[in-house]
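Notes for the one structure printed next.
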Amino acid sequence: MAKSVFDELNDRGLINKVDRDGKQILAVTNEVAAREALSSRKVSIYIGFDPSATSLHVGNLVPIMTLAHFQRAGHRPIVLVGGATGMIGDPSGRSTERTLLDNDEVDKNVEAIKKQLSRFVSFEGENAAIMVNNADWIGQKSYLEWLRDVGKHFTVNYMIAKESVRSRLEDREQGITYTEFSYMLLQAYDFFHLFTEFDCLIQGGGSDQWGNITAGTDLIRKRTGKEAIGITYPLITTASGEKFGKSAGNAIWLDGDLTSPYSFYQYWINSEDADVERYLKFFSFVPVEDIATICEEHAKDPHKREAQKRLAAEVTRVVHGEEGLQSALRATQVLFGSTLDGLSDKELNEIFKDVPSTDMKMTDLKAGITLIDMLADTGMCKSKGEARRLIKGGGVSVNNNRVEDIELTLTDANLASETMIMLRSGKKRYHLVKFQN
RNA sequence: GGUGGGGUUCCCGAGUGGUCAAAGGGAACAGACUGUAAAUCUGUCGGCGUAGCCUUCGAAGGUUCAAAUCCUUCCCCCACCA
């Protein structure tokens, strides 16, 4: 018999572990029931996504992969987008005020998100994933109905005992608004609704969602007498404590227009050794036994970065397809391998189509443009002063040659190919300047 | 509504009339070392620029040769009390 999805997730570290009485236990509301249900029948699992952005980012990959593993095991994923709850803001996690989204915007984002998700889970076929929006049911309810059907089932004592609320009550600086305080009831009701209307047995979520999820299983028990299941995955951190999923302060998006396949690939290849094994388990479908082998090989020859290469290739292929991966690989090879000598416009364009570029006038170049101006105008540096400091510190290369002269003026003699100059700051940040008449 | 405490450069946070573009820490960026890793070390970190100048310390006014620092009004946050 095939490995159950429960064991698969557990082997990959996709089920959170918590300390209970000195022992490590899995963060599942009822492990026995969960195992039993998952191995005996087809069940539905839902995870909520925030539709406030036009694209998902790598921080969303863990829930996405979780759903994908369930589907591969024959279960049905339900993607819930929080058209209603997204307006309020979950007090678990951070507490910045959210902006209200209008419906058109949400619809547009939902479409985009669905397209990205369909690279991981199928919305067609036998156990097709479905997408639902909680605005469709929460938006219907009146406040009085709400208090009667949902509020009645929760004591305030229960609610303030939840970690997400308690921490805010204890925090004298922060406080918690009534709106945020109510959030867990909305999420509980989502689960109740999906349980009764869509036969959804399981809710998945990040470990910070535990309180909200159990509020849901409690509500279901009280109103139906039945037992639903909650399961949480760990929140990703990097080994060195940096924020996962950010590069130079920017989110790594799944949308190729927001984060190019090249940048996407580069993000993964820069993973730390200490993270790469976990990442392979989390973000690729490579079997865990193979991952062990890959990592052993990597440990023998760390400088070859085989594990990082494999990771980057796997994830990029799923998100951007084989074509996207190949173009990322070509660009990587040129940028980190050879010089730019002898390349034509066509080749440069092809290889660097993912690298940010700026158009400038050829006539201006012939007259001479200082490197400082160019760095500032392309947006590589925020100001001329920053550009000056960067060059002084040896951080700028033109066509892969480090610049020593702060006052360097570039002319058409500096062109790498017919019409282009390649700027680089640091080791990895590239920018293509194209000159036209 | 009352009382008290606050709002400082990306974040935290010092600074109570000139020596403040503003301590310290974090983040970030660059350099060295490496393996496009981590750790470490070094430098930078408001803008323009050779010296120097310009714009910042919740907002607007005012006092002063001189204000983040004093005064007035206003806005916002927090705590306690009612």
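We name chains A, B, ... by the order of the sequence lines, and we start the count at 1 in each one.
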Are [X] and [Y] near enough that their ring centres are under 6.0 Å apart?
X: A:His320; Y: A:Tyr265; answer: no
X: A:Tyr233; Y: A:Phe282; answer: no
X: A:Trp253; Y: A:Phe264; answer: no

What integer number of Å spans the [atom1] atoms of [N] and [M]?
N: B:A38; M: B:C70; atom1: P; answer: 46 Å
N: B:U9; M: B:G46; atom1: P; answer: 13 Å
N: B:U19; M: B:A67; atom1: P; answer: 11 Å
N: B:G58; M: B:C41; atom1: P; answer: 35 Å
N: B:G43; M: B:A14; atom1: C1'; answer: 24 Å
N: B:C71; M: B:U16; atom1: P; answer: 14 Å
N: B:G1; M: B:A66; atom1: P; answer: 38 Å
N: B:C57; M: B:A23; atom1: P; answer: 16 Å

Sugar-phosphate, base or nothing in reach of A:Arg402, heavy atoms under 4.0 Å: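 Sugar-phosphate, backbone atoms only, no base.
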Sugar-phosphate only, base, or nothing, as touched by A:Lys384 at under 4.0 Å among non-hydrogen atoms: sugar-phosphate
Please report, rounded to the nearest Å, how far the [atom2] atom of [N] is from the [atom1] atom of [X].
X: A:Arg388; N: B:A30; atom1: CZ; atom2: C1'; answer: 16 Å
X: A:Tyr430; N: B:C29; atom1: OH; atom2: C1'; answer: 17 Å
X: A:Arg429; N: B:A28; atom1: CZ; atom2: C1'; answer: 11 Å
X: A:Lys427; N: B:G31; atom1: NZ; atom2: C1'; answer: 9 Å
X: A:Asp275; N: B:A39; atom1: CG; atom2: P; answer: 11 Å
X: A:Glu386; N: B:G47; atom1: CD; atom2: P; answer: 7 Å
X: A:Tyr279; N: B:A37; atom1: OH; atom2: P; answer: 15 Å
X: A:Arg305; N: B:U34; atom1: CZ; atom2: P; answer: 15 Å

From CA spacing to verdict: salt bridge (Lys or Arg N to Asp or Glu O under 4.0 Å), A:Glu296, A:Lys300: CA-CA 7 Å; A:Glu296 272 171 41; A:Lys300 282 183 212 156; 5.6 Å; no
Side-chain-base donor-acceptor pair under 3.5 Å for A:Asp301 and B:G35: no
Side-chain donor/acceptor contact of A:Gln266 with base of B:U36 under 3.5 Å: yes
Checking base pairs now: Watson-Crick or wobble, both atom distances under 3.5 Å. What partners [N]?
N: B:C33; answer: none
N: B:G46; answer: B:C54
N: B:C65; answer: B:G18
N: B:G4; answer: B:C78

N/O (side chain, A:Arg389) to phosphate O (OP1/OP2, B:G47) under 4.0 Å: yes
Phosphate contact (B:C48 OP1 or OP2) by A:Ser383 side-chain N/O below 4.0 Å: yes
Residue met sooner reading RNA chain B from 5', once A:Leu390 and A:Lys428 are mapped to nucleotides: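 By nearest-heavy-atom nucleotide position, the 5'-most residue is A:Leu390.
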Residue whose closest nucleotide on RNA chain B lies nearer the 5' end, A:Gly393 versus A:Tyr265: A:Gly393
Side chain proximity check, A:Asp273 to A:His298, heavy atoms < 4.5 angstrom: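 Yes - at least one pair of side-chain heavy atoms lies under 4.5 Å apart.
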Evaluation steps, salt bridge (Lys or Arg N to Asp or Glu O under 4.0 Å), between A:Arg35 and A:Asp7: CA-CA 9 Å; A:Arg35 284 181 181 279; A:Asp7 289 323; 3.0 Å; yes
Stepwise salt bridge (Lys or Arg N to Asp or Glu O under 4.0 Å) check, A:Lys141 with A:Asp149: CA-CA 10 Å; A:Lys141 273 188 130 35; A:Asp149 295 345; 3.2 Å; yes
